[in-house]
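So you know, we letter chains A, B, ... as the sequences are listed, proteins then strands, and number each from 1. Note that the structure is predicted; figures quoted are calculated from it, not measured.
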Amino acid sequence: MASGSGSLMWFRKGLRIHDNPALDYASKGSALLYPLFVIDPHYMKPDPTEFSPGSSRAGLNRIRFLLESLVDLDSNLKELGSRLLVLKGEPGEILIRCLKQWDVKRLCFEYDSEPYYQAMDVKVKEYAAANGIEVFSPVSHTLFDPADIIQKKNGGKPPLSYQSFLKLAGKPAWASSQLITTLSSLPPVGEFGNCEIFEVPTVEELGYEDPGQDEFTPFRGGESEALKRLKDSISDKEWVANFEKPKGDPSAFLKPATTVLSPYLKFGCLSSRYFYQCLQDVYKNVKKHTSPPVSLVGQLLWRDFFYTVAFGTPNFDQMKINRICKQIPWNDNEELLTAWRDAKTGYPWIDAIMVQLRKWGWMHHLARHCVACFLTRGDLFVHWEKGRHVFERLLIDSDWAINNGNWLWLSCSSFFYQYNRIYSPISFGKKYDPNGNYIRHFLPVLKDMPKEYIYEPWTAPLSVQTKAKCIIGKDYPRPVVSHDSASKECKRRMGEAYALNQRLNGKVSDDDLNSLRRRLEEDQNQEVKAKRKRK
DNA sequence: AGTAGGTTGTAGCC
DNA sequence: GGCTACAACCTACT
């Protein structure tokens with residue numbers, strides 16, 4: 001109760017010591033500190049109905065990354081004379097139970113703008129208020145407070161373009177203040193009575209079996225790893241100063257073309273604000289540097305842009321009743337979706353990327369673009385929400401606002417509308433990696449295919465296929481669609497869908513969408529018939 | 001009402 | 001590596 005002398009630090013994201021205002025405040029003026037993490041079954045419980053090992057929300061790679069981050073957090077807390085208390089269950093309920101049983105006068109946790117936590121936090125705050133417990137919930141996951149930008153600076157609506165976001169956001173308030181990056185010690189952990197406290201579990205303890213995979217993500221979770229990676233990334237000042245995102249090589253995998261700090265930012269193992277300040281320090285000491293949107297700081301601002309729009313847009317993660325999302329008659333073709341998801345489209349560039357996603361949980365941004373475009377408006381015309389689900393589970397850096405924002409972008413449903421610009425599943429990869437080394441690594445079945453054919457193996461003469469020990473249609477699939485005709489058909493459908501959205505001023509009903517879907521399919525059948533006749 | 005600009009398209013040319 | 005045509009969308013702002 002309010003008479004207590006302890007603080008409860010509730011970790012969700014923000015799995016770090018450095019620049020953690022909630023932790024800093026919790027540790028000040030309190031005789032006791034309870035650092036808590038709750039293992040949420042929504043996120044961690046095995047779901048055997050899913051297409052890959054993991055829960056319904058997260059694949060095994062990301063679950064493992066989170067556990068590693070917790071182990072590291074626990075060990076960093078121990079160095080400061082504390083430890084991490086791990087509990088299991090629905091986090092909101094568990095937290096309230098802890099507040100009831102423990103000696104807590106102050107509850108601290110990082111503000112989280114995702115709908116899932118917004119709903120949970122309302123209940124927790126209500127309980128705290130009713131019981132005289134002080135709540136401190138600072139914005140420290142992002143550079144800016146999304147609510148501040150939307151309400152105070154833009155009259156209640158989120159900006160829908162990056163440029164307008166930049167103008168509204170300006171410089172962060174804390175840009176030139178000293179962030180607290182180290183703590184010297186923490187108060188001792190209080191008595192936790194009959195609460196059953198766990199150590200950080202292993203994946204096996206969570207009920208997962210060894211998936212028997214030959215290759216796993218090379219990225220280890222945790223604040224220590226994040227800071228090491230940050231230091232490595234910014235040590236090359238020229239590289240930082242000249243960074244231009246679109247110029248990176250998506251096929252580079254031995255040494256990725258970006259920092260790969262995204263998974264650490266996702267879980268808050270790395271503070272985006274600290275990263276921002278480190279980058280500004282580099283910029284100060286060089287003659288010239290790149291700028292947003294392409295620079296490294298630009299990447300952090302992209303992150304905040306998507307957080308802001310996502311916070312200000314109800315139903316951001318779906319097509320229907322989403323104010324900013326174009327209504328498009330996507331198909332529901334399970335076979336095409338499965339081929340894409342399981343790296344069996346017959347396009348090696350696409351399939352190699354999907355294998356990297358499955359094994360590493362990370363691919364270059366442009367590689368993500370290629371497969372997202374291919375699944376949706378480029379070739380297969382499958383609903384972006386299906387692709388979103390696959391990314392959401394498999395990416396180690398999957399972040400609700402950013403993942404959904406990028407699927408809206410790539411499917412030309414919002415933010416980006418030039419649907420005639422389609423990534424070629426053949427030539428896009430080839431211009432970076434003409435020898436196909438990336439494909440050879442992630443699709444070893446094609447490792448002996450001559451480079452003349454590796455992006456289009458179905459065009460290789462049978463003698464070449466035999467010599468490469470890879471028969472197309474047997475050892476590696478034939479293309480599920482022909483890119484030339486499929487992309488043309490997609491453009492036609494997008495054009496029709498856009499016209500419908502414009503005509504109805506965005507108010508497209510299920511019936512409108514279904515009748516367009518029927519018409520498009522009829523047109524396509526007629527077209528196919530006409531083609532046959534001509535032959 | 002009209003226009004500029006938009007992180008990252010492709011193919012074909014030099 | 002850079003230029004052009006291709007076909008053409010939207011948002012933000014004048």
Report task. Could you pull out the closest heavy-atom pair between A:A58 and A:I63, with the gap in Å? Result -> O-CD1, 3.6 Å
Partner residues of [X] under the ring pair (Phe, Tyr, Trp, His ring centres under 6.0 Å) criterion, sequence neighbours left out:
{"X": "A:Y307", "value": "A:H141"}
{"X": "A:Y116", "value": "A:H42"}
{"X": "A:Y417", "value": "none"}
{"X": "A:F243", "value": "A:W239"}

Requested in this report: Measure the distance from NZ on A:K153 to P on C:dA12 and round it to the nearest whole Å.
Outcome: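 To the nearest whole Å, that distance equals 17 Å.
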Query raised in the report: Rounded to the nearest Å, what distance is computed from the CH2 atom of residue A:W409 to the P atom of nucleotide C:dT11?
Result: 12 Å
Query raised in the report: Which is the 5'-most and which the 3'-most nucleotide of DNA chain B that has an atom under 4.0 Å from a heavy atom of chain A?
Result: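 The contacted stretch runs from B:dG6 to B:dA11.
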**Report entry** Partner of A:S413 under side chain to side chain contact (heavy atoms under 4.5 Å, CB included), chosen from A:N322, A:I324, A:L408
**Finding:**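 So the option named by the test is A:L408.
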Query raised in the report: Can you name the residues that form a side-chain contact (heavy atoms from CB on, under 4.5 Å) with A:A147, not counting sequence neighbours?
Result: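 For A:A147, the residues satisfying side-chain contact (heavy atoms from CB on, under 4.5 Å) (neighbours in sequence not counted) are A:D145, A:Q151, A:F311.
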Does anything in [range] reach DNA chain B, meaning a heavy atom under 4.0 Å, and if so which residues?
{"range": "residues 414-441 of chain A", "answer": "A:Q418, A:R421, A:I422, A:Y423, A:S424, A:S427, A:F428, A:K431"}
{"range": "residues 348-385 of chain A", "answer": "A:H365, A:L366, A:H369"}
{"range": "residues 486-500 of chain A", "answer": "none"}
{"range": "residues 240-264 of chain A", "answer": "A:K245, A:P246"}

Does [X] have more than 12 heavy atoms from other residues, nucleotides or ligands lying within 6.0 Å of its [atom1]?
{"X": "A:K326", "atom1": "NZ", "result": "yes"}
{"X": "A:K431", "atom1": "NZ", "result": "yes"}
{"X": "A:K153", "atom1": "NZ", "result": "yes"}
{"X": "A:Y274", "atom1": "OH", "result": "no"}

Requested in this report: Using the C1' atom on both, measure C:dA8 against B:dA4 and round to a whole Å.
Outcome: 14 Å
Query raised in the report: B:dG5 and C:dA7: how far apart are their P atoms, nearest whole angstrom?
Result: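 23 Å, rounded to whole Å.
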Query raised in the report: Does A:Q163 place a side-chain N or O at less than 4.0 Å from the phosphate oxygens OP1/OP2 of C:dC13?
Result: no
Query raised in the report: Given the rule in the salt bridge (Lys or Arg N to Asp or Glu O under 4.0 Å) test, do A:E522 and A:R517 qualify, once you have shown the distances and angles that lead to the verdict?
Result: CA-CA 9 Å; A:E522 273 163 30; A:R517 191 176 281 120; over 6 Å; no
Query raised in the report: Applying side-chain hydrogen bond (donor to acceptor under 3.5 Å, both in side chains), which residue pairs with at least one partner in residues 496-505 of chain A are found, sequence neighbours left out?
Result: A:E496-A:R519
Query - A:F415-A:F305 aromatic ring centre distance below 6.0 Å - result: yes
Query raised in the report: Hey, does the Lys NZ or Arg CZ of A:R493 hover above the aromatic six-ring of A:F381, less than 6.0 Å from the centre and inside 45° of the axis?
Result: yes
**Report entry** Non-hydrogen side-chain atoms of A:I328 and A:T376 separated by less than 4.5 Å
**Finding:**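 A:I328 vs A:T376: side chains apart.
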Report summary line: Pairing string of DNA chain B (Watson-Crick or G-U wobble, both atom distances under 3.5 Å; | = paired to other strand) is ||||||..||||||
Report task. Measure up the A:F267 and A:Y43 rings against each other and bin them: parallel (under 30°), tilted (30 to 60°), perpendicular (over 60°). Result -> perpendicular
Query raised in the report: Between A:H383 and A:W330, how do the two ring planes meet: parallel, tilted or perpendicular, split at 30° and 60°?
Result: tilted
